[in-house]
Amino acid sequence: MTTTASPSAPANAARHGAARPLVELRGVGKRYSSGTLAVAGVDLDLFGGEFVSLLGPSGCGKSTVLRMIAGLGEPSVGRIDWPAAKRDRRGQPVRDVGFVFQEPTLMPWATALQNVMLPLRLEKMASREAADRAAAALQAVGLDAFLRAYPRELSGGMKMRVSIARALVTEPRILLLDEPFAALDEITRHKLNDDLLALWSKAAFTVLFVTHSVFESVYLSQRIVVMAARPGRILADVAIDAPFPRDTAFRTSVEYAEACKIVSARLAEAITA
Ligand code: ADP
């Protein structure tokens, strides 16, 4: 296991050699109009195919960072660059992200299939093709038998699967998840952790996963970026070198326990920093 102190960006860039990051945050700060300084001086690089968790106490600015990467809010200072991204007609980078919120946020009057078709229909894809793509995305999350089910007919875990399918149906290069499994029971959460890892290992997308759970972050991640609060800033960047696939044997291993201990210590420092 290797751990590096902040700032995370240069240390991580060294691990990735000459590869250009997909997203590059430099000196990013965010002050809301209420006056709250949510984050300050955040330097972060995300590389292609990585699984990175953003871990920190509640209110330390994790969601603020995630939302700014998604374009749902601009930094007050600093910059977010997309060095390898395609450019639109105005020369702006195409962000190419999928977003999974803490709540599944499904349209209650639409079926699972129609919910997942929505991003494609917004891109003006023909309805037949959108339906086929949405059905394949639902199949990938294990919901092929529920295409025509309405959200009220689905369990919490199944609704979250629909939400993940909707985020992945456009085949984004980066999947951003904001504490997606926090409201689920432990067994469902473990299952969804495994299913998310299986999806990630099959496709080439990068994951940025917000959580306040040390155990969840260690199980899932290749890298854990630990944030401290008031103002939110990056304190540590911990590499979890355990191989994939990870499973119950990893969850009960000495290696996992050791990693949790290291990350817990970093989180404790973050809480008092
Ligand atoms: P986390 O995701 O780590 O729980 P957030 O990014 O949600 O943290 O919030 C960081 C800080 O910014 C908190 O103090 C929160 O109250 C504040 N905050 C978040 N969103 C807004 C907003 N839209 N307007 C004003 N303050 C906000």
Side-chain angles (χ1 to χ4, degrees), residues 3 5-9 12 23-46 50-81 95 97-105 156 160 163-164 167 172 174-184 189 192-193 196 206-221 223-238 240 260 262-273:
T3 68
S6 68
S8 69
N12 193 47
V23 191
E24 200 176 80
L25 283 73
R26 289 292 178 272
V28 166
K30 174 75 179 181
R31 188 184 289 281
Y32 285 107
S33 51
S34 60
T36 303
L37 182 59
V39 293
V42 169
D43 292 333
L44 178 66
D45 286 344
L46 290 179
E50 280 193 298
F51 199 122
V52 181
S53 283
L54 211 46
L55 173 75
S58 195
C60 74
K62 304 181 293 296
S63 302
T64 299
V65 169
L66 203 71
R67 287 198 300 263
M68 286 191 289
I69 292 173
L72 307 169
E74 291 296 317
S76 318
V77 293
R79 57 186 174 79
I80 300 181
D81 287 337
R95 290 176 191 257
V97 298
F99 203 109
V100 177
F101 297 90
Q102 188 166 349
E103 297 295 325
T105 60
M160 189 46 76
S163 178
I164 292 171
I174 303 190
L175 182 63
L176 305 169
L177 303 105
D178 193 355
E179 302 207 38
F181 310 142
L184 301 175
R189 188 177 182 155
L192 277 162
N193 282 169
L196 177 61
T206 299
V207 176
L208 185 58
F209 188 96
V210 162
T211 180
H212 55 248
S213 164
V214 169
F215 304 109
E216 186 171 47
S217 66
V218 171
Y219 187 71
L220 292 171
S221 316
R223 251 174 89 202
I224 302 174
V225 174
V226 183
M227 287 184 69
R230 274 176 286 280
R233 61 217 184 276
I234 293 176
L235 273 200
D237 191 329
V238 184
I240 307 295
C260 289
I262 292 170
V263 175
S264 292
R266 290 303 177 119
L267 185 60
E269 285 165 26
I271 288 167
T272 53

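Read the numbers this way: they start at 1 and go in the same order the structure lists the ligands and their atoms.
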Subject >> Donor-acceptor side-chain pairing of S76 and Y32 below 3.5 angstrom >> reply: no
Original post:
Could K30 and E74 be called an ion pair, given the rule that one side-chain N must be under 4.0 Å from one carboxylate O?
Top reply: no
Original post:
Are D45 and R223 close enough for a salt bridge, meaning some N to O gap below 4.0 Å?
Top reply: no
Original post:
Near ligand 1, which residues have a heavy atom under 4.0 Å away from one of its atoms?
Top reply: Y32, S34, T36, A38, P57, S58, G59, C60, G61, K62, S63, T64, R67
**OP:** Check the side chains of T211 and S213 for a donor-acceptor pair under 3.5 angstrom, ignoring hydrogens and angles.
**Re:** no
Original post:
More than 12 non-hydrogen atoms from neighbouring residues, nucleotides or ligands closer than 6.0 Å to OH on Y219, yes or no?
Top reply: yes
**OP:** For S217 and S53, test the side chains for any donor-to-acceptor distance below 3.5 angstrom and give the result as yes or no.
**Re:** no
